[in-house]
Amino acid sequence: MLKRMLKVAVLGLGTVGSGVPAILQEQKDKIEQITGMKIAIVKALVRDIEVKKALAQKYHFQLVPDIKDIVQDPEIDVVVELIGGIEQARIFIKEALNAYKHVVSANKDLIATYGEELTTLAKEQNVSFYYEAAVAGGIPILRTLSSSLSADGIDEVLGIVNGTTNYMLTQMAQKGATYAEALVAAQELGFAEADPTNDVDGIDAAYKMVILSAFAYGMRISLDDVKIQGIRMLQSQDVKMANSLDYVFKLIGCSRKFDEGIDVTVAPALVHKNHQLANVNNEMNAVFVKSAGIGESMYYGPGAGSLPTAASVVADLVAIAQNVQYKVLGIPFNIYKKPTKLAADSQVINQYYFHFEVLDGKKQFEQLRSLFAKAQIKIKEMIDYDTQVIVLTYEASAKIKSKFLKSIESTSDFKLISVYNIFD
Ligand code: HSE
């Protein structure tokens, strides 16, 4: 059989971009065997040609400074977008799709924001648009949701999908590091985004939860539909309290289906030490899925890094090569689509951790107990640490919790320090 060549152009040769040629070379024989094609990078778009010369020479591709050198080149079959950011990447991808190139991207910000637009354009142009690496880098979660779990009804997706914050929280819990020390270490190790705001404020995780929700429930939500709380305000005393109660703090992306719609949040939460997610430490990511048929399943791995993320990018290239061979083009990565409905607060149920500071432990202990009873929030455990009171509750709706928080706003006898969700 005559071997064909799938010619690829890469936009951006940063951490992930420089891993792609390495994986392609390392797995050359396997890729050729399963696709019947050679996949070769022929061009890369870079800002500074001098800096990337050695890499280009090593892997025999040409460096170009202008996107036109790629989209106007009829030889190129696939464009791999790895420049990040939203607007410029959107323009480049649209140009590539309009020129009938298949596109692979690892850009969660872009896909969570303009995924529908780009998917529609790809379908119109009869080309493929894949982005496995956009969520949890090296974990093959999107293809798992869209194919292996296609026959299962998903009820809940919990994700530790930001390596930077997971690394920071692990350092804070296990080594007693301060927030600032943990952030510097995460940046030095290269986990954080160039501007770590999106990491620590939960935005990066929220983009990923938007994409995961689309694959899990067929519903397209926007970033504005996600209730987001980052880890900036997390107090080390809460980290210590959680530890003493057999919980660990994790930044949890939580996407759940209720009777009337879905609810998606990103927030620090207490995860019981027996929960599978509690053992996902440092920069590692995991996605925990509850579904009707399989029950509980968890997908664990590195959420970032050159080779792990590049392996996901190359898996998309392999899928495109197979599409080309079998002449199945223009099928969206995620076909599942349902009308988007968000659950009302009265439907969204959680267990809660409340931390209060009180003036007079004994007196306010009882006062708090009766306020919880009045709000119809059942107390599971109430712990008195002198002037600090921790209350762990049974399940109550988000609506009841908000009402309770309003009802205690004006009291001066105690101060609410924090409230977090609990995952047992
Ligand atoms: N900054 C991201 C993280 C990189 O820390 O997980 C991968 O999206």
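In each ligand, atom 1 is the first atom listed, and ligand 1 is the first ligand listed. All values derive from a computational prediction rather than experimental measurement. For this chain, numbers begin at 1 and follow the sequence in order.
- Salt-bridge check for K101 with E95: failed, with every basic side-chain N at 4.0 Å or more from each acidic carboxylate O.
- You'll find the ring centres of Y352 and Y420 outside the 6.0 Å limit.
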Side chains of residues 291-301: which donor-acceptor pairs under 3.5 Å do they make with residues two or more places apart or in other chains?
{"residue": "S291", "atom": "OG", "partner": "D152", "partner atom": "OD2", "Å": "2.8"}
{"residue": "S297", "atom": "OG", "partner": "Y299", "partner atom": "OH", "Å": "2.7"}

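- Separation of atoms CD1 (I23) and CD1 (I31) is listed at 8.5 Å; rounding is to 0.5 Å.
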Step by step, would you call F372 with F354 a ring pair (Phe, Tyr, Trp, His ring centres under 6.0 Å)?
CA-CA 11 Å; F372 272 98; F354 289 87; 5.0 Å; yes
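- Geometric assessment of R143 against the ring of Y130 yields a positive cation-pi assignment under the 6.0 Å and 45° thresholds.
- Protein neighbours of ligand 1 below 4.0 Å, counting non-hydrogen atoms: K108, N162, G163, T164, F191, E193, D199, D204, K208, G303, A304.
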